[in-house]
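Report on the structure given below.
Each chain gets a letter, A, B and so on, in the order its sequence line appears, and its residues count up from 1. The figures here come from the full heavy-atom set of this structure, side chains too, leaving out hydrogens, waters and symmetry mates.
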Amino acid sequence: MTDLVENHNGKYAVETRDMNIYYGAFRAVKDINLQFKARRITALIGPSGCGKSTVLRAFNRMNDLVPTSWLEGEVFFHGKNLYDNDVDPVEVRRRVGMVFQKPNPFPKTIYDNVAWGAKINGYKGDMDILVEQSLRQAALWDEVKDKLGQSGLSLSGGQQQRLCIARTIAVKPEIILMDEPASALDPISTLRIEELIQDLKKDYTIIIVTHNMQQAARSSDFTAFFNMDDDRAGYLVEYSVTNELFTSPQNELTEQYITGRFG
Amino acid sequence: MSEKIERDPENYPTGAAQQSQIAKRHRTGSLGRTLFLLATASAVIVLTVLLLTIINQSFGLTAVQSEVPEEVLVQRYNDEQKQSAPDLDSLPKPALVAILQEQISRGLGRRLERDQRFFEDQLVFEDPVLWQEVCASAEPSAGCTLPARSQENVVALVQERVVVPTVVESWFLFDSIFNREEIILEAAEKYPDAELVFRSWMTGEFVASPQSSTPELAGVRTALLGTLWVIAITMIVAFPLGVGAAIYLEEYADQEKWYNRVIQTNINNLAGVPSIIYGMLGLAIFVRALESITSGAAFGVVDAGKTANGRTVLAAGLTLALLILPIIIISSQESIRAVPSSLRKASLGLGATRWQTIWNHVLPNALPGILTGTILSMSRAIGETAPLVVIGASTFITVDPSGPFSKFTVLPIQIFQWTTRPQSVFRNIAAAAIIVLLILLVLLNATAVYMRNRSAKKQGQLS
C-alpha cells in the first residue's frame, strides 16, 4: 500500500472519502476510501453485484440518472467534492468521460458520432482535425477514414466500441471511466481494446471495471478488489499495485477470488 | 460435467408418445394459423364490400328530364338561322341571350343583369335610365363594374334557367351494367321525355361546387374546406401539446410521485372516453364559455353579418384536439420509451444536457413512432362527427369557411345530412362525398407516412 500513498505529483486524479451509495433505503456500497493516480490504469474487480460499476458511475455522477440513488461521503476531483451543491453534473461528465459495457454509438454517421460531443460542448477548433485525431487515438482511423459518412452502426462490435472511445476522447476529458468495455466483444477485438487502453494511458487517467481477471492483470497498474458483504453492500477488500495483488494478495478473500475459488 | 445425463423416462414422453405429443403441438399451431388467416380474410372481404358499395352508388344510369330540352332550343335556332349547330355550347352569345329573353321572366333577367351584364354596350332586361340610377347610387350593383358575361357563362345560365335538367331517377352502377335493358324499358315507360345518361357522381365539378339543395348541383367544396380548416387547427394544437406532454411525462416527471401516476392514469382513461362527451365539453367550454375568443370577437374580427356565436372552425378544431390529445400523448410516450436508454446514457456521458439529449437523440429516434400515432389520430379526427354535431356545426351552409372564426361543416356531417334526405339522388352524392373523404384520408395519410419513412431513413435503423 505504500506505493499508493506517495504520488509523483503529490496529487490524485480522483479520491473518495467514506463514500456510501444508496438506492433508496438499500446501501449498495459502503465506506469506500480510494485514491486513483493520474495517468495510470486502475482496475476494479470483484464478483457480480459487488457494486464496482456503481462506484465507477459515482465518478461522473451517472448514478444521478437513477432517481432513488444518493451518495454519502465525498468524491474529490481537483480538490473539489463532486457532490457539492454547486457542482453541475454536465461539467463533470465532460471532464470525466465514460465508455459503456455495450457499444452504443449514436445512429448517426461515424463523423457525427465523434463530432457531436465536441459540438455541444462548444468546441471552436477545426472539427475535421479533431475527428481525425480522436479516431487515430482510438486506433480506428485507418479502418474508417474512407467511410466517415456511413452510419456508426454499420461497424463491427469492436469497431463500434473504439468509435465510442474516440467519441469520448474528442471532448478531451481528464479521466476515462470504462465499464467492462470488452465484455461484449470477441477475443481479438478485446485484445485491440486492451492495447488501445495502454496507449491512452499516456494522456488519460483510466478507471476500468472488468470481470476478466486476466485482463485486469495484463493491462492495469493498480487493482481494487471489491466484495459483497452479508448485508449485500459492496465494500473494498484490497487495493494494491496489480502485480502485488495478483502474486501476493494480503487478504484471504482476494486470494480465493483470483484463484477462481468463488465469484 | 463428466457424469452422463440420463433421460427421464417417467416424466418426459418417449417414442410414439413423444411423436404424438409433438404432432399435437403442431396441430394447435396450424389451427391458430388458420384462424388468423380467416380473420385477415374476413377483414379483406368486409373492406372490399364496403368499397364496392360506395363505388356502386357513386356511378350509374340516370334519367334526366329537362323542362325545355336542349335539342329543341338548338333545333329552333338552326331552323331560324339556317345553321347546323350541333349543341347548345356552340351557339353564339346573342342567340343564347335571345333564348333567355324569350324563356325567363323580366324580373329574373334584371337580377341576372345586375349581377353581371350580358353585353358591354347594351342592356337586355334593364331600363337604361334605371340602370344609370342604380350605378350612380351609393351601393352600385356588381354588374356596373364587372366585364360582360362570357359565352360559356350564358350557356350555363341557359342550362340552369331554361333547360333545367333534373335527375328524376338514378340507378346504381351494377344495376346499370347488368340490367341495362330493363332500365331502358322502365325509363321509357315511366319518363317518356327523359333522357337516359350514364353519370359519375364523383366529378371535379362535384368537388369544386358548394353545397346546394339541388342534388345535381350540390358539391362538397364547403365541407371539404371545412374539414381541412378544422383538421389543420386540430393538428396545430394537438401535435405540439401531445408530444410536449409525452416528453415531460417520460423524460422529466418522476413516475414514483403519486400525482404523476394520477395524471398518467387519467390520460389512459381519457383515450377511451366516447367522443360525444368531448362534444359536450367543447360546447360548454369553447362554444359557450370562451365564445368571445372562438367567435373572434375578442380580436375584433367577427363578421357582423355571419356571426357564428362560437360555433366556429376554431371551436371545432380545439374540441377535436382535446379528443385526440390522449392518443397522441400515449403513442408518443410509447415511442419515447422505446428509445434505448443506452443512447441517453451515451449522450449524457459526453456532457450533454438533458434537453440536448432529448432534442438530438430521443426525439429523432422516437419520431417515426410519434408520427405513426399522429397519423392514426388524425384519421380519427377527420372521421369524427358526433362531437361536431354537438358543438353545432352547420348542416346546411353554402359559404366557404374563410378562417378560424367562420361557420363550417365537415365532410362526415355533410354525408350524414345527405343520407337522411328523402330524394334518392342524395344517396348518390353521399356516396360520392364518401369517396372524396376516403381520398382525402389516403392523401393525408400518405403524406404523413412519407414524412415518417423519411425521418426513419434519416435516423438509420437502430440495432
Region of [X] in contact with chain B, defined by heavy-atom distances below 4.5 Å:
X        : answer
A:Val90  : both
A:Pro173 : neither
A:Leu65  : side chain
A:Arg61  : neither

Toward chain A, the part of B:Ser341 with a non-hydrogen atom under 4.5 Å |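 Contact with chain A: none, neither part.
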
Evaluate whether atom [atom1] of [X] has more than 12 neighbouring non-hydrogen atoms of other residues, nucleotides or ligands under 6.0 angstrom away.
X        : atom1 : result
A:Asp86  : CG    : yes
A:Lys147 : NZ    : yes
A:Lys119 : NZ    : no

Would you call A:Arg94 and A:Glu174 a salt bridge, using N to O less than 4.0 angstrom?
->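 Salt bridge between A:Arg94 and A:Glu174, a charged N being under 4.0 Å from a carboxylate O: no.
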
Can you label the angle between the B:His361 ring and the A:Phe106 ring as parallel, tilted or perpendicular, going by 30° and 60°?
->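 B:His361 vs A:Phe106 ring planes: parallel.
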
